[in-house]
Structure formats: structure tokens, C-alpha cells
Amino acid sequence: MGRLCILGVRGRTAWCTLLLLLCCSGGDCESETRTPGPTDIQGVKPFHNEPQPQPFPEEEKANMPVFTMDYSRIQVPFEFTLWVLLASFAKIGFHIYHKITIWIPESCLLICIGLIVGGIMHSVKEKPPAVLSSDVFFLYMLPPIVLDSGYFMPTRPFFENVGTVLWYAVVGSLWNSVGIGMSLFAICQIEAFGVQDINLQENLLFASIISAVDPVAALCVFEDISVNEQIYIVIFGEGLFNDAVTVVLYNMFSYVADIPAVESVDVFLGVARFCVVSLGGLLFGVLFGIVAAFTTRFTHNSRQIEPLFVFMYSYLAYLVAELFAISSVLSIITCAITMKYYVEENVSQRSCTTIRHVVKVLASISETLIFFFLGVVTITTEHEWNWAYILFTLLFAFIWRGLGILVLTQIINPFRTIPFSFKDQFGLAYSGLRGAVCFALVFTLPDTINRRKLFVTASIAIIFFTVFIQGISIRPIVEYMNIRRSNNEKYNINMEIHSRTMEHIVSGIEDLCGQWSHYYWKDKFKKFNDRILRRILLRDSRAESSIVSLYKKLELQSAIEMLDTPMGDLSAAPSVVSLHDEMKEASRPKKKFPTADVRNMHNILAKNMYKIRQKTLAYTNKYKLPDESRTREILIRRHSSIRRSLRASSFRDPLSENIPKSQRYYSLQPGSDLESAFALRRRSHGRSLMKVEFLKQDIVMFSYIMGVFCPGAGGSSTRSAIPLSPIKERSPGPAPHRTPTVQQSEDEEGAMPHGWQPEDPQGNTVSRNPLLR
Amino acid sequence: MGSRASTLLREEEIEEIKKETGFSHSQITRLYSRFTSLDKGENGTLSREDFQRIPELAINPLGDRIINAFFPEGEDQVNFRGFMRTLAHFRPIEDNEKNKNAAPSEPLNSRTNKLLFAFRLYDLDRDDKISRDELLQVLRMMVGVNISDEQLGSIADRTIQEADTNGDNSISFNEFMKVLEKVDVEQKMSIRFLH
């Protein structure tokens, strides 16, 4: 709390300074023309600004300007930067105090900041910079947000649920728009409310705007609480395609709103247009995605510009779609999805990281700015408040969404493998918050609509209501619904450990069964992919086993980082629990564990045991990049375990007798040999053998680097071994390979002899440098 | 999708599997199509590599052990019957099944059998005891890198101490069952869609 105060003070001073600057600039910007700067400041450069050059120098010599100021020149970029900085400070401020972000979604906080700034501006009688026009929004602000959603979409769960997602997105939006529009129109007929002049088209237009759902806040809540995972992907996908559908409907209805009367032909044409728009968007997206993937096939010599292609092509997809007035949102999303798979295989690891970071940054800026504007505009525009209309809007939005979800779910549940329960449906309905797109669309309504101000007010009202009230209350409600029975049971350590084991088991079996069906199409696509697409679009199209390709994505640096942690021991086997220990154990008296210790243990376990894999979790946290550190840990460890068990079982040296029973049971059954463990890489393709080599090179280098960092001598202190493989390992030749060990230092005491190999200094020095072979 | 799968799976086989495991007809066909899609060699059996090809299992901490559980002692291939037999452990227990006994022995998805599955995951050498080492192995797989071996060792010791009633410093199956009697195993070790 203290830290927040300090930051608050410093933050406030900083903000005040910024605001003052803003206001000063704001004051000038209204009357800003291209005049070259205020003329009352001394020392203005006379020579640049003179309209007519004087033939003779003036009598009075003008002094050389020592200090000049020309604000107008930098004004626009300066203000933009200040806005963005301000919003970013706000974000930093929130995250310093964690508890806030748990209870209040970030969108709320951003709007609040916007309100504060708007309040200040209003009191100083300034107008907000008129930057938010339709073009600016649609051409500059919306693409990054949509690109972010598309790029980080979890494709596998998405495609497995694509029917459901599209059903909710498309049909749901239509249902909402038409329902709300009609009911509002019905309300408008009532004379008492004074809104009779809004005709049906305008109502429909307005309804289509406010049915755009922005699920970010809901997803943030759901990721902490275990809700049915399917809900994640449905909400995510719905939010995404909702944007597309809304924009399409908006364009359609705004066109329709202009014409005086609607005929049935128009309805027909409307439907046709909808199809053209959406399918066209998809087509363009796929096209550009393929071209982008193809381009990256050739970039291996010019790695620096690789990220550029991703952005340029997706933006191009967006703009070309805008050119033909088809759904640009769909276009950019499909472009991102198509492109991602192939591009990430073609580009270097660094480019990959860069792309991801930049996508997130751009999206973050856009969204922040939009919410900011929302706050500012709320205070500084004139509102037209009409109690009836606005209240009914809120009511109908709620009702229609709830009804819509109910009805749609009933229809689609029979087709689903896992039907949605009522709890799920409630979660879906309640998470319909409105956000940025809604605001921007309403703000850019043309002035021909005579009740524009009312619409703006109404949509701001609904955004505020949903974001604040629904956003803040969704967490307690979901928690309440999910309350577990045995909350206060005293868990003993056994229960904690074994429960987690069982959870992992179940998660694994679920993955194994593949919850969702339709393998036929997936297989077909995979075959098509392998045979044709990969050949064309990938530079290096050898089919890889999944483990190898996963491992390739690990960076060596992060592996080393992990090893460098003080207590880090990558070995998943009790290699440090050696013979020595085992002998001691039998004679060890029963330890007494004081309760403090036990509590400690509970804490340690709770913090450090891996949670079960949330399939969509990594992607649904919109403000952060997917977190892969856990995956890396498990993979590295697994890899070294496979390597180690290979060593132990395949070489059959006499020393393996000495390996205690415990160390042999690793991940393979005793007696399994090199073949079965590596068969996946050997048997399938001849070429994959090269992959194995590559992999081994990695491991070799990996171990070598470790050897360099942590040089070890004989083995007098405790070390754990990661066996170094000699490079030529094609044939499982026996004994002549002395497996040298690379020592890794640890912070433990006591001499523990190795079960692996006796010390062999000569062998060590020779093979510790495999690369010098 | 449906037609391709069911031509290779005869009706009487489906009936047998149904009797043995309790799955319904549609589930068996669905799981059969999953089985065939995993079976890259198309010889009607799955080997370990086929399982390892599933990327999600690779990043499951207990992935290898789970794969192991499918293969009976010493074998390297598992056919569809074996596959279904293992999966049957995860079928949710229905209330009306608690008294009905299709087979003379306990149904595969009884509470005892579910616990036995978990127990076997720890107990690799099949001596019906979870020794301290086996426990440590599994623990090490399940925690991150920030725990020292000493801490892990004491956690393992405490675990054994809590469960062990006959003083042999290892956990037998009965002790395992007893210490987990308050845990809702039926719900934890069930997969919804296998219902």
C-alpha cells in the first residue's frame, strides 16, 4: 500500500505535468492553422518564416536565436505519444498492486483514467483532440486488435468447436440485433417516451452496434476459476467473430437506414450481401496468408525483415478487403491463422518472438487508446439523456442475450459431444460485456442520423454498465456457483499429492482420447497439408515427430537459464538419491514433523506442483504473451530422462548392475532398448534420422556448455550427471563408449557417489569436448 | 468418418467390448475412430510411439507413465480391446450401476479399480508397494525446478509416514486406499464424455 502511495504521488506529479502540457497544446490546437508558430516568442527564426524575402538585410540586426520553440510542428505526434505514455503509466500503476487487477478488469481501470483526464480537460474548458474519426478508427486502431486476437487464437480447440462458435457468433449476433432493434422500435411507438422519430432502420442499426460483445474481462475471470473449458473457446471465438458480424451488419444497416423504404428485395439482397462479405473476407484472408507463408520461405538470408512480412501482409489483407467493402476483420483473422502455422516454422526463433511481442504491443496500444477516448469523450461531449430509451436498451440487451443463449444452446446441444449445462449457459450469457468496438462504431455514426447524440449516450451507458457492474460482479458470481463441497476439509499431504496426480492422469487421458470427434476432416486436412502445402510453403518440409518439433522450439539459452537456478536440478530421477542415501534410509529413525513444517510442505506443494494443462489458458489472457516456461521445463526434463534411460539400458555395460533398482525405473520399462525409445524417430522416416542427429547435436552442445559453465573435476562433491552422448550414435554399439559425464554443480553437501560411471578422468577430458573431435 | 471405422469393427466385437467395459455403442465407435487415427502403421495395434506422437501427452508431467499404463506387462503393442479396457477405468460411475454387476468381477470403473490405476502409476516394479524412491520419482516429475531435493525428500518422508500403518516404510495398496478415503475418487478419475 505504501508503495502505491509513493507511486501515486510521483505518478500524480507526472500526470499533472503531462496534463498541463496537453492543455497548453490543446488550447492552441483548436485554432491551429499552418501559421508558423507563435510570433510573440522572441527570437523566432526570421529567415524561414518570412513570406516575402527581403532584398536587403534589415537595419536592425536580428540576434541569433539561442532558444526557440516550435510546438506546432511536433504537435500531433507529441500528443499521441503523451496519450500512449499516460495510458501505459496507468497500466503500470495497476499491476503494481495485484489485488486490484483480480477484482477489477483492466478495461474498467482504463475507462476510469480516461474519465479523470476528461474531467480535467472539461474543467479547463478544452475540447478533446478530434482524432477519433471513422477512418482513424477503422484503418488504424481496429486492425491491431483484431490481428492480436487472430494470431493468438488456439487453432486446435477452435477448429474442433468451429460449428458452435460460428453458431453463437453469427446467429447469436443476428438474434440480438434484430431482437433488440424490434423491441426498441416497439418502445419508440409509445408516445410518452418522446422518441417516436427513430424509425426501424435506425433502431436496427443501433441494435447491431450494441450487440457486439467483448469478452476480455470474462476470460480473465474464467481463467482463474475452473469453468468448463469449452466455454473459453466459445466466448473467445464469439467475441472475435462478433466483431466481424457486427461490422457487416453495421454497414448493411447504415446503408439501409439511408433509403426511405425497405422492400423485400432489399432483405434478400441483404442476405446475399452478407454471404458475399463473409465468404469474400475468408477467401482474401487465406490468399494473403498463403502468399505470406510463401514469402517467408525465402527469407533465411535476410532475417531482420522477417517480422515485417507478417504485419505488412495482414495489413494488406485488411486494406484490400476494405477496398472491396467486404469483411476486413474476417480477412485479417483468416490471414493471421493461415499464416501463423507456416511462418512460425520458417522464420528464426528471434523473429518469432519479435512478431509475437509486437503484435501484443500494438494491440495493447490500440485498445488502451480506445478506452481512454471513451472516458474522455464521456465527459466532454454533450449528451442527450432519455431515461426510457436508455433503460429499455439495457433491459433488452440483457434479456435478449440471455434468451438467445438459452435458445441457441438448446438447439445446438444435441450436436455437441459435451453439452452445455445451465451453469455454462449462465456463464456465457453473463459474460456479454460490451467494449471498444461498440464505442467506436457508435461514435462514427454519420450525422445524418438525427438522434445521434442519444445513441452515443445510450451506448456509452451500456458500455459503462456492462464493463463496470457485470465485469466486477462476474467473479464473485462464478465463484459462488463453483463452490466446492469439501472446502474446509483438512487435506493431508497425501491427499494433495495424489489428487494432483489423478488430475494429471485424467488430463492426459482426455488428451489421449481427443475429446472432440470429426477426425475424418482433420486427417484429410492433415494429409493435404503434408503432401502439398508444406512442400510449397515451408522451406524445410521434412515431416517431424511432434516431440522433435516441440523441442526445436526451445531455446538453448532458456534451458541454460533454467539450469542456473540455485536449486535447479533437471533430473527427474532420484539420481541424487543414490545408493548411499538408500542405505542410510533403512536405519533412519522416524522423523517427527512439527506442524510448521507440515504447513510449509503444503505451501511448497501448492506453489510448485504443476497445474494441469489448461488447453486454452495460454491464449485467453489477452494482455500477456502465452507462458511457455512450464512446457519447456517438462520437455527438457523429459528429454534428459529419455536420454538417460537410453544410456542405462542400451549399452549394457557391467556397471549397469550397480545402478540401483530405483534409477532404472524411469520412463521406460526395464529391458526396453534404444529401438523402442527412439523408434519414433528412426522408423518413420529415413530423413528423421538426421533429425535425431540434429537433436543430439543440441544435447551435446547443451551438455558441453554446461560443462563449460560448471567445470567439474573428479566428482568429490555432489554432482548429478547428464550423460554426454558421443556424436556417432547411429548404431547402438556397446561398451567401447565410455559415457563421460558432465558435472553440474549443486548446492548440496555430502559426497554422493555416482551410480552411473566410475570416475574416468582421461575419458572425461577426451570426450568433454565433443566438438573438438 | 463413421463408415470407414465401423466396417473394420465387427458387431460382435462391439458387443463384447460393451459387456466388458460398459461403454455404449456410439462411444465405442467414436473411440475406435480415434484409435485408428492414432494408428499410423495401420496394423490394428498401437505402439508407444503412436502415443508419444500426441503432443499434449509430451507436455504432461506424467505422460510417459500414462502411456505405460496402456501396455500390459512386457508387451509393446496394444490392440483395441486393451485400449478400451484401460479407458474403461475412467468411465463415470453411474448410480444405478453400483449394485448391478455385469461381470462376475468388479466392473472396471469401480472405485477400487480407479485407485488401482493410480497406484500402478507410482508402483512401476509391480511389487504392490510404493517405496520412497518411486514416490520421489513421481514427485520430482510433478514439481518445478525450484524445490531442492532435501525438501522433496522430506515431503516424501512425510507422505509415507502419514500413510504407512505397518511400518515397512512404503505404501501398500490398502494403505493407499485408506489414506484417500475422503477424496472423491469417483469424480476425480472420471471423464465426462466417456459417459
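Since the model is a prediction, treat every value here as computed from it, not as a measurement. Protein chains get the first letters and strands the later ones, always in sequence-line order, with residue 1 at the start of each.
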Q) Which pair of heavy atoms, one from Asn60(B) and one from His504(A), lies closest together, and at what distance? A)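 Here Asn60(B) and His504(A) meet closest at ND2-O, 3.2 Å.
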
Q | Non-hydrogen atoms of Leu512(A) and Arg34(B) that approach each other most closely | A |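 Minimum heavy-atom separation between Leu512(A) and Arg34(B): O-NE, 2.8 Å.
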
Should [X] and [Y] count as side-chain neighbours, where that means a heavy-atom distance under 4.5 Å?
X	Y	answer
Ile505(A)	Arg65(B)	no
Phe176(B)	Asn494(A)	no
Ile155(B)	Ile497(A)	yes
His498(A)	Tyr122(B)	yes

Q: Supply the atom-to-atom distance Met495(A) CE to Thr159(B) OG1, rounded to the nearest 0.5 angstrom.
A: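 With rounding to 0.5 Å, CE (Met495(A)) is 13.0 Å from OG1 (Thr159(B)).
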
Q: Could you grab the distance from atom CD1 of Ile66(B) to atom OG of Ser507(A), nearest 0.5 Å is fine?
A: 7.5 Å

Q. Checking heavy atoms, do the side chain of Phe35(B), its backbone, both or neither come under 4.5 Å from chain A?
A.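 Contact with chain A involves no heavy atom of Phe35(B) at all.
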
Q: Counting only heavy atoms closer than 4.5 Å, note whether Leu152(B) contacts chain A via side chain, backbone, both or neither.
A: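 Neither; nothing under 4.5 Å.
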
Q: Sort and list the pairs that fulfil ring-ring contact (aromatic ring centres under 6.0 Å, His included) and have at least one residue in residues 134-164 of chain B, not counting sequence neighbours.
A: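 Of all non-adjacent pairs touching residues 134-164 of chain B, none passes ring-ring contact (aromatic ring centres under 6.0 Å, His included).
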
